[in-house]
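Let me begin by presenting the structure, written as structure tokens, before commenting on it.
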Amino acid sequence: MLAAVAVFSLMDAGLKRLSTHYPPFEVATLRAASSLPLVLAWALATSGLRPLLRVRWSLHLLRGVLGVAMMGSFVYALQSLPLSTAYSIFFVAPLLITALSVPFLGEHVGPRRWAAIFVGLLGVVVLLRPSGDGMLSLAALAVLLAALMYAITAITVQLLARTDSTQAMMVWIMVMMAVGASLLAWPQWVPIRSSDVLVICGIGVAGALGQYAITEAFRLGEASLMAPLEYTALVWGVLLDATVWGVLPDAVTWAGAAIIIGSGLYLLHRERLRAPAATPCPPPS
């Protein structure tokens with residue numbers, strides 16, 4: 001998960017650059033289409049064609065719709081928000097994943113782990129400022145929508161992992177995002193500039209690596225444990241904002257970041273203490 005967050009942060013920096021020249025759904029198309037050849041080649045080399053065709057199509061279609069909505073919304077937000085601000089709002093996703101993992105996956109989340117995630121949510125509120133400035137902007141609402149889509153997608157990965165391969169999950173999310181986003185982008189399609197080709201290639205490589213890492217993380221790990229590691233994206237967001245766009249976070253941003261990262265580390269600490277004594281939970285009735 002830590003590797004996925006790092007490479008996705010680099011990919012997001014590329015998406016933010018493209019968002020100044022292309023519509024959101026066109027950027028979403030470029031993101032998926034640039035990764036698809038790499039993902040497909042890897043899938044065919046490691047599993048062959050048959051596992052890619054024997055899948056649960058309804059859940060893959062749902063993931064595709066959610067993926068298009070998530071990427072389009074997030075790219076729209078990056079047109080006006082710094083990466084660190086977008087990531088800060090996006091941190092509602094771990095709370096949503098934890099809440100959804102209980103009824104849909106039958107996972108057990110104790111009161112201390114719930115408390116740690118709520119503390120992390122308070123850190124997001126600090127970053128948004130107590131007055132709530134920017135919370136109701138279209139860009140901020142777009143990030144909140146992207147976070148909801150992401151949370152549901154994370155749950156579907158765990159459901160699909162019971163029957164489908166990692167290769168199938170990666171290939172079909174890329175295919176459906178590329179097709180779905182391109183259909184929405186077509187009426188306002190902007191010709192690709194030659195100066196952006198290298199950026200698009202970098203997005204493709206980072207997207208393929210990140211998609212593999214995050215799919216494996218949610219397939220092998222407990223969703224409510226993997227989610228807090230998303231908090232490390234804030235560190236990458238601050239570094240990229242400062243080095244690429246010259247945007248430095250203020251004291252309030254650092255305070256919110258400290259709360260969020262501290263709550264995530266505490267959550268991991270509680271999980272390590274709980275794991276040796278944990279017993280298998282009965283299946284949900």
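For clarity, every value in this text was computed on a predicted model and none was experimentally measured. Heavy atoms only: backbone and side chains are in, while hydrogens, waters and symmetry mates are out.
A donor-acceptor pair under 3.5 Å is absent between the side-chain atoms of Ser73 and the main chain of Ala146, judged by distance alone. Proximity of a side-chain donor or acceptor of Glu26 to a complementary backbone N or O of Val190 within less than 3.5 Å is detected. Formation of a donor-acceptor pair under 3.5 Å by the Arg31 side chain with backbone atoms of Asp12 is not found in this model. Without hydrogens or angle criteria, Ser182 side chain to Val179 main chain gives a donor-acceptor distance under 3.5 Å. Using modelled atom types, no side-chain atom of Thr85 and backbone atom of Leu81 make a donor-acceptor pair closer than 3.5 Å. Side-chain atoms of Asp164 come within 3.5 Å of backbone N or O of Arg56 as a donor-acceptor pair. Trp172 places a side-chain N or O within 3.5 Å of a backbone atom of Leu52 that can act as its donor or acceptor partner. Arg63 contributes no side-chain N or O that, together with a main-chain N or O of Ala154, makes up a donor-acceptor pair within less than 3.5 Å.
The heavy-atom pair separating Val7 from Gly210 by the smallest distance is CG2-CA, 3.3 Å. Heavy atoms only, all atoms of each residue included: Gly14 and Ile203 are closest at C-CD1, 3.6 Å. Nearest heavy-atom pair, Ala213 versus Ala4, reported as atom, atom and distance to 0.1 Å: CB-CB, 3.6 Å. Considering all non-hydrogen atoms of both residues, Thr29 and Ala178 come closest at CG2-O, 3.9 Å. A pairwise comparison of heavy atoms in Met174 and Ala32 identifies O-CB, 3.6 Å as the closest pair. Ala77 and Ala139 get closest at one heavy-atom pair: CB-O, 3.4 Å.
Heavy atoms of other residues, nucleotides or ligands lying less than 6.0 angstrom from CZ of Arg50 number 12 at most. A 6.0 Å sphere centred on CZ of Arg54 holds no more than 12 heavy atoms belonging to other residues, nucleotides or ligands. Crowding of Trp189 atom CH2: a count of heavy atoms from other residues, nucleotides or ligands under 6.0 Å exceeding 12. Within 6.0 Å of CG in Leu53 there are more than 12 heavy atoms belonging to other residues, nucleotides or ligands. Heavy-atom neighbours of Gln79 CD from other residues, nucleotides or ligands within 6.0 Å: above the threshold of 12.
Pairs of residues two or more places apart, or lying in two chains, never qualify as ring-ring contact (aromatic ring centres under 6.0 Å, His included) while including a residue from residues 8-41.
One finds the CG atom of Leu59 at 10.5 Å from the CE atom of Met169 (value rounded to the nearest 0.5 Å). Gln167 contributes atom CD, which lies 11.5 Å from atom CG of Leu40 (distance to the nearest 0.5 angstrom). To the nearest 0.5 angstrom, Ile200 atom CD1 is 4.5 Å from Ile192 atom CD1.
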Show me the side-chain donor-acceptor pairs of residues 233-248 shorter than 3.5 Å, one per line, residues at least two apart or across chains.
{"unit_1": "Asp241", "atom_1": "OD1", "unit_2": "Leu83", "atom_2": "N", "d": "3.1"}
{"unit_1": "Asp241", "atom_1": "OD2", "unit_2": "Leu83", "atom_2": "N", "d": "3.3"}
{"unit_1": "Asp241", "atom_1": "OD2", "unit_2": "Ser84", "atom_2": "N", "d": "2.8"}
{"unit_1": "Asp241", "atom_1": "OD2", "unit_2": "Ser84", "atom_2": "OG", "d": "2.8"}
{"unit_1": "Thr243", "atom_1": "OG1", "unit_2": "Leu239", "atom_2": "O", "d": "2.8"}

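Under the 4.5 Å side-chain heavy-atom criterion for Ile, Leu, Val, Met, Phe, Trp and Tyr, Phe90 and Leu144 are members of the same hydrophobic cluster. When the side chains of ILVMFWY residues are joined at heavy-atom separations under 4.5 Å, either directly or via intervening members, Val199 and Val197 end up in two distinct hydrophobic clusters. Side-chain heavy atoms closer than 4.5 Å link hydrophobic residues (I, L, V, M, F, W, Y) into clusters, and following such links, possibly through other members, connects Val27 to Leu66. Residues Tyr212 and Met71 share a single hydrophobic cluster, defined by chaining ILVMFWY side chains whose heavy atoms lie under 4.5 Å apart. Hydrophobic clustering (ILVMFWY, side-chain heavy atoms < 4.5 Å, transitive): Leu160 and Val65 are in distinct clusters.
In this structure, Arg17 and Asp196 have side chains that are in contact, with non-hydrogen atoms separated by less than 4.5 Å. Proximity of Ile173 to His60: side-chain heavy atoms (C-beta onward) are nowhere separated by under 4.5 Å. For the pair Thr166 and Trp42, the minimum side-chain heavy-atom distance is below 4.5 Å.
Ring orientation note: the planes of Phe74 and Tyr87 are close to parallel, at an angle under 30° on the 30°/60° scale.
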